[in-house]
S.K.: 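Structure below; questions to follow.
As a basis for the values below, the full set of heavy atoms in this structure was taken, side chains included, without hydrogen atoms, waters or symmetry mates. Note that the structure is a prediction, hence the values are computed from the model and not measured.
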2 protein chains.
Amino acid sequence: MGVIERKEREKELRSESIIDAAERIFFNKGFEHATMNDVAEEAELSKGALYLYFHSKNELCMAILQRSLLILKGIFELLRDNNNLTGIEKFPKLAELFITFAKEHPNHYNSLLSYREHRENCPATGKIIMSTIEENKNINNIISDIIKMGQVDKTIKKDIDADKLSLALWGNFTGIMPSSILSEKVIPDFNPENIIEYHFELLLNAIKT
Amino acid sequence: MGVIERKEREKELRSESIIDAAERIFFNKGFEHATMNDVAEEAELSKGALYLYFHSKNELCMAILQRSLLILKGIFELLRDNNNLTGIEKFPKLAELFITFAKEHPNHYNSLLSYREHRENCPATGKIIMSTIEENKNINNIISDIIKMGQVDKTIKKDIDADKLSLALWGNFTGIMPSSILSEKVIPDFNPENIIEYHFELLLNAIKT
DNA sequence: ACAAAATATGACCATGGGTCACTTGGTGAC
DNA sequence: GTCACCAAGTGACCCATGGTCATATTTTGT
């Protein structure tokens, strides 16, 4: 009897539909001003039921953050698997794709940046945190793979440490400066995209063969 | 009669002592778990009085953040004014000093990283936000100046855009990756400091003459 | 048909940010 | 010296909201 399996599927579905509702509410009102009652209503459930699926408001946010990571992963995977580009050609595309992601999914991008805020309020060894960290590593591995492919096709210097560089880039993607992509020009005439692209240009010169 | 001046001084002093108290409380309990009552008690004032000096809990946090920026500014100024080093020699010191700052002032470092969180909840045109942005620009100018000095002493390529690079570095300093300096090793064997230093090493090769 | 288990409800609680009517004490005019 | 005035400070109070739990409903296996 597949009852247990079906129930599991339904539970998963319910969980997803709660996240759907939470996204609509949080993205609309902002995390701070959205209430769990709002989410419950939007999800057509009682507040109590929310807590059967997520331990806290912060954990619900982490679930959204995880979706953001998945979107980004998909984008980077596409780049990695593109066989028409050499490694070094893919490099500046990383910045380009990230900026595109930030502009096309501003809310999800925003959720990425609030990582620290929510993470602090979730149990460090909880399932959600663990799997979020895992997802994060996956993305770093994809970036790292792209660099390594460039080393194989000889367009990127062999002595570059791909793993370290991929982490540095990730830090760069999620810094305070890029976070202003959405909100402000840091300095007149300079918009944040230019800064990120310039940064990549410099690095490109440092790593190309 | 210097009464008005004296009162102004006293007001400033009171304000500073509230920030002192807030630092002790926030750094101890964490922003989330600290209450305004805690701060009031620590400052030997009533809760209502706090609101005569700061409009909200978030604004109080921004005041702390501003102090963090001032500490960092002082550190970078010292480097800028050191005449025994060439521009390019100063460059990797930027990373070194930042990491030292993060380790010696972990709480202030932490406060820097919560910029977005608190900023969102303060009026965008308020005095505190404005002066925080100003302070941030000051730091970027110092970094930029260091790079420009390297161009004058011919140790850094003339065609490097110092202003853009300084912003890129700032983004790098405050990314999610470096934020893990305090909390976790992202990947076994790699600690965040290594990543930042490696990043600087690559950039150094890209900008040196 | 029925008990047990899973799922869902919403009234309720505790907490804490922020307010405001009121008190206090220094100040300066007379 | 007196007194009206005002800035500075107080803390009881308001109320929004995250989270809980006793209870109700639905689904299940037998």
S.K.: Is B:Glu10 salt-bridged to B:Arg14, cutoff N-O under 4.0 Å?
M.R.: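 A salt bridge is absent here (no side-chain N lies under 4.0 Å from a carboxylate O).
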S.K.: Just wondering, do B:Leu169 and B:Phe200 contact through their side chains at under 4.5 Å, heavy atoms?
M.R.: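 Heavy-atom side-chain distance check passes, below 4.5 Å.
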S.K.: Ignoring hydrogens and geometry, is there a side-chain-to-backbone donor-acceptor pair from A:Glu197 to A:Ala95 under 3.5 Å?
M.R.: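 Pair absent, no side-chain N/O of A:Glu197 close to backbone of A:Ala95.
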S.K.: Less than 4.0 angstrom from a charged side-chain N to a carboxylate O is my criterion; do A:Glu16 and A:Arg67 meet it?
M.R.: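 Looking at A:Arg67 together with A:Glu16, the answer is yes, because their closest N to O distance falls below 4.0 Å.
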S.K.: Looking at residues 54-64 of chain B, who's got a heavy atom less than 4.0 Å off DNA chain C?
M.R.: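 Contacting residues: B:Ser56, B:Lys57.
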S.K.: Report yes if some heavy atom in the side chain of A:Pro92 is under 4.5 Å from a heavy atom in the side chain of A:Leu204; otherwise report no.
M.R.: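 In contact.
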S.K.: Looking at B:Tyr53, I'd like to know whether one of its side-chain N or O atoms comes within less than 4.0 Å of OP1 or OP2 on D:dG9.
M.R.: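 It does, given that an N or O in the side chain of B:Tyr53 lies less than 4.0 Å from OP1 or OP2 of D:dG9.
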S.K.: Please list, by residue number, the residues of residues 7-42 of chain B whose heavy atoms come closer than 4.0 Å to an atom of DNA chain C; answer none if no residue qualifies.
M.R.: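 Within this stretch, B:Ala34, B:Thr35, B:Met36 sit under 4.0 Å of the strand.
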S.K.: List in numerical order all residues of residues 44-52 of chain B for which some heavy atom is under 4.0 Å away from an atom belonging to DNA chain D.
M.R.: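 Those residues are B:Leu45, B:Ser46, B:Gly48, B:Ala49, B:Leu52.
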S.K.: If you draw the axis of the six-membered ring of B:Phe98, does the NZ or CZ of B:Lys93 fall within 45° of it and under 6.0 Å from the ring centre?
M.R.: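 Negative - B:Lys93 is either too far from the ring of B:Phe98 or too far off its axis.
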S.K.: So does B:Arg6 get a side-chain nitrogen or oxygen closer than 4.0 Å to the phosphate oxygens (OP1/OP2) of C:dT27?
M.R.: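 Affirmative; the distance criterion is met.
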S.K.: Could B:Lys90 and B:Asp145 be called an ion pair, given the rule that one side-chain N must be under 4.0 Å from one carboxylate O?
M.R.: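 No, this pair does not count.
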S.K.: Would you call B:Glu193-B:Lys103 a salt bridge at under 4.0 Å N-O?
M.R.: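 Judged by the 4.0 Å cut-off on N to carboxylate O distance, B:Glu193 and B:Lys103 do form a salt bridge.
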S.K.: For a 4.5 angstrom cut-off between non-hydrogen side-chain atoms, does A:Asn84 reach A:Glu89?
M.R.: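 Heavy-atom side-chain distance check fails, nothing below 4.5 Å.
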S.K.: Salt bridge check, B:Arg9 against B:Glu5: does any charged N sit closer than 4.0 Å to a carboxylate O?
M.R.: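 Here B:Glu5 does not pair with B:Arg9 in a salt bridge, since their nearest N and O are not under 4.0 Å apart.
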